[in-house]
Amino acid sequence: DSTDVVILGAGPAGLVLANLLLDAGVGCVVLERADREHVQTRARAGFLAANTVRVLERHGLADGLRRGGREHSVCEFRTGDGRFRLDYSGLGRGEPHTVYPQQELVTDLLTRFLAAGGDLRFATEAVAVHDPDTTQPWVETRDADGRPGRWTGRYVAGCDGRHGAARRSLPPGAVRIHRRDHGVSWLGLLAEAPPSLDAVGYAMHERGFAGHMARTPETTRYYLQCEPGTSPASWSEERIWDELTVRMRAADYGALHHGRIVQSTVVDLESDVLEPLRHGSLFLAGDAAGLISPSAAKGANLAVLAAEILAEALVDDLRNADPGPLSRYSARCLAHIWRAQEFSLWMIRLLHRAPGQDDEALFQEQLRRARVESLRTSRTHQDWFADNYVGI
Ligand code: RFL
């Protein structure tokens, strides 16, 4: 089979791209390894930046989040020195987040694509992208029963995440991978419990970081810093709630709403960025283009932004015979990606103690406390924080 653009992956990046191409009359197919049920129930991100909402609104993709999304604009920092709150919708450029679970956004995007006649193949895994350095790249596929298939396009969009076929198919040396392991791991938890505070909670404790993020009125995401290499199985529900209670300082600031833990995964805080985001006819977007630690909640937002930039560039090339925007795609996206990486690293340094008790670790810890104090007291610092926290 053949089409103009073969899209790998039905996550936020692939589905925004697919909807925009379909609307512009550019042929495309989406190949997705998982089945529909899995894609529509995979709980991950939830905080959408104002610009992400604007992108989705601009293209008529925001009906669901306008109905089901909730504005969120306060974060609360808790430390041994006390707590303080920042209402970031009144700081910087004055924008809130919209909280809308990623699986609901994905459901909206794929429902709209299918209703508009889009071609989306679930349970179809891309095995490899062949001939990416020609004008007729093709994708080798395998269905759930192991039957092979093949899709040829003018372009291939790799939106299949970090472990997808697009990255694997890059010839050695074709792109540079900038990689950094931040040496910190989080236990990412989803609790069937209402949020315990009306703010994003960032708790800094000698025992490690703990985070609280509302998802829906019935569910809350929590994070607990843990030893790298920890198995989620070693954290019982009781141990999780005990530790959250201590680190969130519930005795001082209010009890947490407990509930069943329905998801528990270890997330290693890592960054990697590919450069350039193109090899011949193969383009990378979303997590396939770069992985960002969840410390600043940027991953899904970068994915949506990249998809819009790529869609407009592909339309210019395929409909208007203007290859210029496509040649600038990588540089444009990378500028956004590096800004987000910089802020995400700043957040990591704000939220975690340096490991150990040596001179360097103690020095770093004093710097960290000074950073928190500056954020608590300096309006200029707060404006900078708000711009970066909600901006993309
Ligand atoms: P996705 O969403 O991973 O989608 C990729 C899709 O590709 C499919 N796939 C393949 N299909 C065909 N052939 C293959 N060979 C394939 N290999 C994979 C997969 O099944 C999947 O459907 O990538 P995309 O579109 O680039 O979107 C990226 C975001 O999903 C990701 O960055 C965010 O979820 C990151 N993230 C957060 N981002 C935010 O902006 N705000 C947050 O609050 C936030 N919280 C989080 C997060 C990620 C988390 N985890 C689990 C890593 C919280 C967590 C716990």
Side-chain angles (χ1 to χ4, degrees), residues 12 45-58 62 65-66 69-79 81-102 105 182 186 195-204 209-215 220-223 248 253 269 271 292-306 308 333 335-352 367-392:
F47 274 67
L48 301 180
N51 189 58
T52 305
V53 175
R54 276 195 294 274
V55 169
L56 296 168
E57 275 177 345
R58 193 151 54 227
L65 76 88
R66 228 179 276 126
R70 279 159 305 111
E71 277 204 0
H72 200 295
S73 61
V74 181
C75 50
E76 178 170 314
F77 295 89
R78 298 180 175 184
T79 76
D81 302 323
R83 68 170 163 173
F84 62 94
R85 290 161 78 91
L86 295 180
D87 180 349
Y88 49 87
S89 66
L91 295 164
R93 69 175 87 78
E95 292 174 335
H97 276 118
T98 299
V99 181
Y100 192 59
Q102 181 170 325
L105 175 65
H182 300 291
W186 286 359
S196 297
L197 54 157
D198 57 350
V200 178
Y202 295 110
M204 295 162 247
F209 163 75
H212 162 284
M213 276 143 225
R215 278 294 183 263
T220 308
R221 190 173 273 297
Y222 284 97
Y223 291 110
M248 298 284 302
Y253 303 129
L269 272 53
S271 300
I292 186 162
S293 97
S295 59
K298 299 285 185 210
N301 293 293
L302 285 171
V304 170
L305 183 64
E308 185 191 45
C333 268
H336 294 291
I337 289 173
W338 282 114
R339 274 291 298 270
Q341 291 283 358
E342 195 277 329
F343 181 66
S344 156
L345 179 59
W346 181 88
M347 284 289 279
I348 290 172
R349 292 191 172 141
L350 183 81
L351 300 176
H352 305 93
L367 292 182
R368 196 181 67 79
R369 291 182 64 181
R371 202 172 294 136
V372 173
E373 189 55 13
S374 168
L375 189 60
R376 186 177 76 80
T377 54
S378 160
R379 171 69 199 239
T380 309
H381 202 165
Q382 293 168 358
D383 287 331
W384 173 87
F385 170 80
D387 273 356
N388 284 278
Y389 191 54
V390 201
I392 193 86

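As the structure is a prediction and not an experimental result, all values here were calculated from the model. Hydrogens, waters and symmetry mates are skipped; everything else that's a heavy atom, side chains included, is used.
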Task: Those residues that, when tested against Gln102, pass side-chain hydrogen bond (donor to acceptor under 3.5 Å, both in side chains) (two or more places apart) - done: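 Result, side-chain hydrogen bond (donor to acceptor under 3.5 Å, both in side chains) vs Gln102: none returned.
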
Task: Any residue meeting side-chain hydrogen bond (donor to acceptor under 3.5 Å, both in side chains) with Glu71, in chain and number order, not counting sequence neighbours - done: none

Show the nearest heavy-atom pair for residues [X] and [Y], with the distance to one decimal.
X	Y	value
Val390	Pro96	CG1-O, 3.4 Å
Leu86	Phe77	CD1-CE1, 3.9 Å
Val200	Met213	CG1-CG, 3.8 Å
Asp198	Val74	O-CB, 4.2 Å
Arg215	Ala45	NH2-C, 3.8 Å
Thr377	Gln382	N-NE2, 4.1 Å

Atom [atom1] in [X], atom [atom2] in [Y]: separation rounded to 0.5 Å?
X	Y	atom1	atom2	answer
Lys298	Phe47	NZ	CZ	11.5 Å
Ile392	Asn51	CD1	CG	8.0 Å
Ser378	Asp383	OG	CG	8.0 Å
Leu269	Ile292	CG	CD1	10.5 Å
Tyr202	Glu76	OH	CD	12.0 Å
Cys333	His336	SG	NE2	6.5 Å

Taking the side chain as every heavy atom from C-beta outward, state whether [X] and [Y] have any atom pair closer than 4.5 Å.
X	Y	value
Tyr222	Ser196	yes
Tyr223	Leu351	no
Arg66	Val53	no
Ser293	Ile348	yes
Leu48	Val304	no
Met347	Phe385	yes
Met248	Leu197	yes

Task: Residues His381 and Ser374: side-chain donor-acceptor under 3.5 angstrom - done: yes

- [ ] Check the angle between the aromatic planes of His72 and Tyr88 and answer parallel, tilted or perpendicular using the 30° and 60° thresholds.
- [x] parallel

Task: Whether His352 and Trp186 hold their rings parallel, tilted or perpendicular, with breakpoints at 30° and 60° - done: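 Aromatic pair His352/Trp186 classed tilted.
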
TODO: Answer yes or no: does atom CZ of Arg369 have more than 12 heavy-atom neighbours from other residues, nucleotides or ligands under 6.0 Å?
DONE: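 Atom CZ in Arg369 is not packed in, count stays at 12 or less.
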
Task: Evaluation steps, side-chain hydrogen bond (donor to acceptor under 3.5 Å, both in side chains), between Thr220 and His212 - done: CA-CA 7 Å; Thr220 308; His212 162 284; 4.9 Å; no

Open item on the list: Salt bridge or not between Arg54 and Glu57? Use side-chain N to carboxylate O under 4.0 Å.
Closed with: no

- [ ] May I ask you to check whether Trp384 and Phe343 place their ring centres under 6.0 Å from each other?
- [x]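 Yes: the rings meet the under 6.0 Å criterion.
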
Task: Donor-acceptor under 3.5 Å (Thr79 side chain, Met204 main chain) - done: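 No, because the side chain of Thr79 does not come within donor-acceptor range (under 3.5 Å) of the backbone of Met204.
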
Open item on the list: Going by salt bridge (charged side-chain N to carboxylate O under 4.0 Å, His left out), name the pairs with one or both residues in residues 339-350, residues two or more places apart or in two chains.
Closed with: none

Open item on the list: Applying side chain to side chain contact (heavy atoms under 4.5 Å, CB included) to Val372 and Asp81, what does each step give before you reach the verdict?
Closed with: CA-CA 10 Å; Val372 173; Asp81 302 323; over 6 Å; no

